[in-house]
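This one's a predicted model, so the numbers in the text were calculated from it and none came from an experiment.
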Amino acid sequence: MFVHFGQGHHTMQEPQYISESSDASGWSGRFAEPVAEIVKRYTASVGFDRRLAEFDIAGSLAHARMLHAVGILSAADLGAIEQGMARIQDEIRSGGFHWSVDLEDVHMNIEHRLTELAGDAGKRLHTARSRNDQVATDVRLYLRAAIDELLALLRRLQHVLLDQAEINAETVMPGFTHLQVAQPVSFGHHLLAYVEMLKRDAGRLADCRRRANRLPLGAAALAGTSYPIDRVQVAHALGFDGVCENSLDAVSDRDFAIEFCAAAALIMTHLSRLSEELILWMNPRFGFIRLPDRFCTGSSIMPQKKNPDIPELVRGKTGRVNGHLVALLTLMKSQPLAYNKDNQEDKEPLFDTVDTLRDTLAIYAEMMAGLAVDRDAMRRAAMQGFATATDLADYLVKKGMPFRDAHEVVARAVRFGEEQERDLSVLTLDELRAFSPLIGDDVFAVLSLDGSLASRDHIGGAAPAQVRQAAARLRQELAADG
Ligand code: ARG
């Protein structure tokens with residue numbers, strides 16, 4: 001029992017009597033006064049880390065079973081812990097669990113309730129363990145499950161894009177560089193570029209999962225434990241591929257969270273680029289696509305408006321996810337080994353990244369599945385801007401002209417076409433021959449949009465046949481991974 005008289009002895013303030021039993025936190029005996037209310041709020045993480053509950057319970061059960069297997073915990077105690085945890089699981093799922101800020105975080109809330117339910121057995125659970133290795137384990141388990149879910153969503157989006165790509169293998173559109181008409185491509189080819197990006201994204205997530213999938217438990221606070229624990233058993237029970245091999249690293253490492261956020265930021269960046277394109281293509285000046293109405297909103301003042309809110313929000317939320325990556329990098333950059341309370345700040349950015357990415361991927365797949373393409377508008381746009389000029393230069397080179405000369409000849413032809421407001425493909429043979437006598441009537445095959453497209457017939461090229469083959473390869477790869 002310790003008596004604290006507050007700030008001034010001369011005030012009428014009641015002295016506060018603190019006993020170990022009245023302090024709900026786990027370290028009461030060492031402390032002379034209770035934690036200030038504002039400190040309690042400031043340090044508490046239960047408001048957000050409660051979403052780790054199911055992983056915390058799984059980790060605790062694996063730990064308890066191991067403690068029993070090596071003779072540290074009796075069968076009766078293990079039974080009481082298992083029963084208590086089953087009950088807690090139910091309470092949490094049904095919403096009946098009482099979460100308390102006084103108990104700071106998810107770990108102490110659950111342990112406290114377990115002790116209410118299981119008595120001394122509950123108090124024995126924390127043998128050979130610290131919250132430091134506990135929380136590191138929980139977050140890894142959480143992230144592993146999140147990655148599995150996100151990978152499935154990523155695959156769904158890839159499938160949708162593949163469907164659209166196959167349907168549009170021959171849908172000619174202008175390919176752009178510098179956002180100026182460059183050469184004809186197909187809409188299918190364009191979409192496959194995004195499938196490639198998402199394929200790398202999936203690889204990054206899988207790679208991150210591999211490195212995250214190691215067990216920190218056993219590291220205890222930072223130095224390991226003197227109990228004869230069996231870390232491999234726990235790792236196996238929790239589906240980890242192995243154990244973290246340095247106790248200091250085990251409790252302090254958050255690379256997996258950073259790697260994940262980096263991968264997530266890149267996924268968002270890819271979708272943000274596509275969003276930017278959708279927004280442009282939906283503008284009547286392009287008029288290439290229509291998004292399903294259920295993914296658009298109107299304006300409260302301008303009755304004619306249909307706005308691409310979803311792509312705009314994806315573009316905006318990319319900033320948010322990029323921010324989380326920077327937050328985590330900054331969180332880690334000055335931390336000495338091993339665990340520091342700073343690490344509690346890893347959760348909100350990580351959780352929000354998962355939530356944002358999950359919703360974005362789900363909504364994007366639906367939106368892209370409902371995308372309507374205006375093929376005529378795309379073709380018309382490809383007819384403007386002399387998209388087949390390079391084809392004419394290549395044609396001349398194949399007839400023996402050096403490329404630089406051909407470039408010059410075509411530049412002059414384009415200038416002529418521009419003055420006339422006519423595409424190269426609609427100039428007459430005589431008009432074309434005025435620029436080079438090498439030009440014959442076989443030139444029209446290469447000047448047409450479809451001829452130009454079909455001629456890029458190699459792996460990675462825009463020819464419709466190649467687009468179909470690429471889509472088939474990507475489908476096979478998807479099937480092999482899943
Ligand atoms: N809530 C804490 C966190 O998220 C758990 C670990 C606390 N460990 C400690 N030594 N204070 O990091």
Side-chain angles (χ1 to χ4, degrees), residues 45 48-56 58-59 106 132-158 197-217 235 238-244 249-272 314 317-333 335 339-340 342-365 481-482:
S45 55
F48 49 85
D49 67 14
R50 26 193 288 197
R51 77 156 84 187
L52 295 174
E54 65 170 292
F55 305 105
D56 196 64
V106 60
N132 297 353
D133 56 347
Q134 187 178 356
V135 70
T137 302
D138 292 2
V139 178
R140 283 175 188 249
L141 288 173
Y142 160 82
L143 186 59
R144 191 178 73 186
I147 288 176
D148 289 343
E149 194 189 341
L150 292 168
L151 278 171
L153 288 165
L154 209 51
R155 295 167 64 80
R156 159 99 184 107
L157 177 57
Q158 285 177 286
M197 294 179 220
L198 297 179
K199 182 171 100 176
R200 293 193 295 274
D201 289 329
R204 270 182 283 271
L205 283 183
D207 194 39
C208 168
R209 186 195 196 281
R210 230 181 338 269
R211 266 188 296 280
N213 202 28
R214 304 211 149 248
L215 175 77
L217 275 179
L238 292 173
F240 284 113
D241 295 328
V243 302
C244 299
D249 183 49
V251 292
S252 62
D253 169 39
R254 294 295 182 271
D255 287 3
F256 53 89
I258 294 174
E259 285 185 32
F260 172 77
C261 285
L266 207 38
I267 297 173
M268 291 298 292
T269 296
H270 293 150
L271 295 181
S272 182
V314 170
K317 284 176 191 285
T318 301
R320 166 183 180 140
V321 170
N322 289 354
H324 292 328
L325 170 61
V326 175
L328 288 186
L329 286 165
T330 312
L331 177 71
M332 296 310 293
K333 70 178 274 294
Q335 282 195 51
Y339 176 88
N340 302 281
D342 311 40
N343 281 343
Q344 185 165 288
E345 288 288 307
D346 65 353
K347 289 172 200 62
E348 285 167 294
L350 182 63
F351 294 163
D352 189 67
T353 299
V354 169
D355 292 344
T356 305
L357 193 53
R358 180 194 291 120
D359 287 351
T360 302
L361 287 170
I363 206 166
Y364 230 98
D481 292 349

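Contact annotation: the side chain of L157 approaches that of L271 to within less than 4.5 Å [non-hydrogen atoms, C-beta and beyond]. The closest side-chain heavy-atom distance from N322 to T269 is below 4.5 Å. Within the 4.5 Å cutoff, side-chain heavy atoms of F351 are placed close to those of L52. Between T356 and M268 there is a side-chain heavy-atom pair separated by less than 4.5 Å. Side-chain contact between L198 and D201 is present, with at least one heavy-atom pair separated by less than 4.5 Å. Taking 4.5 Å as the limit, every side-chain heavy atom of E149 sits out of range of all side-chain heavy atoms of V354. Residues I147 and C208 are in side-chain contact: their nearest non-hydrogen atoms beyond the backbone lie under 4.5 Å apart. Side-chain contact check for R254 versus L328: every heavy-atom pair is 4.5 Å or farther apart.
For CD of Q344, the number of neighbouring non-hydrogen atoms (other residues, nucleotides, ligands) closer than 6.0 Å is greater than 12.
Put simply, OG on S252 and CG on D342 are 11.5 Å apart, with the number rounded to the nearest 0.5 Å. Atoms CG and CD1, from L361 and I267 in turn, are 6.0 Å apart once rounded to the nearest 0.5 Å. Atom NE2 of H324 sits about 9.5 Å away from atom CD of E348, to the nearest 0.5 Å. Note that the CG atom of L205 and the CG atom of L151 stand 5.0 Å from one another [nearest 0.5 Å]. If you take CG on D138 and NZ on K347, they are separated by 9.0 Å, rounding to the nearest 0.5 Å. Between the OG atom in S45 and the CG atom in N343 there is a gap of 11.5 Å [rounded to 0.5 Å].
Nearest approach of V243 to A235, heavy atoms of both residues: CG1-CB, 4.0 Å. Summarising the geometry of P216 relative to A250, their closest heavy-atom pair is CB-O, 3.8 Å, with the distance given to 0.1 Å. Considering all non-hydrogen atoms of both residues, V326 and T330 come closest at O-OG1, 2.6 Å. Among all heavy-atom pairs drawn from D133 and T137, the shortest one is O-OG1, 2.7 Å. Between V321 and A264, the shortest heavy-atom distance links the atoms CG1-C, 4.0 Å. Across all non-hydrogen atoms, the minimal contact from D355 to R51 is OD2-NH2, 2.8 Å.
The backbone N or O of G239 sits less than 3.5 Å from a side-chain atom of R144, completing a donor-acceptor pair.
A cation-pi contact, defined as under 6.0 Å to the ring centre and within 45° of the axis, is absent between R140 and F240.
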Problem set entry | From CA spacing to verdict: salt bridge (Lys or Arg N to Asp or Glu O under 4.0 Å), D253, R214 | CA-CA 11 Å; D253 169 39; R214 304 211 149 248; over 6 Å; no
Problem set entry | Intermediate values then yes/no, side chain to side chain contact (heavy atoms under 4.5 Å, CB included), R200 and L266 | CA-CA 10 Å; R200 293 193 295 274; L266 207 38; over 6 Å; no
Exercise. Given D207 and R204, is the salt bridge (Lys or Arg N to Asp or Glu O under 4.0 Å) satisfied, shown in steps?
Worked result: CA-CA 5 Å; D207 194 39; R204 270 182 283 271; over 6 Å; no
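Remark: of the listed residues L350, L325, D255, L350 is the sole one forming a side-chain contact (heavy atoms from CB on, under 4.5 Å) with F260.
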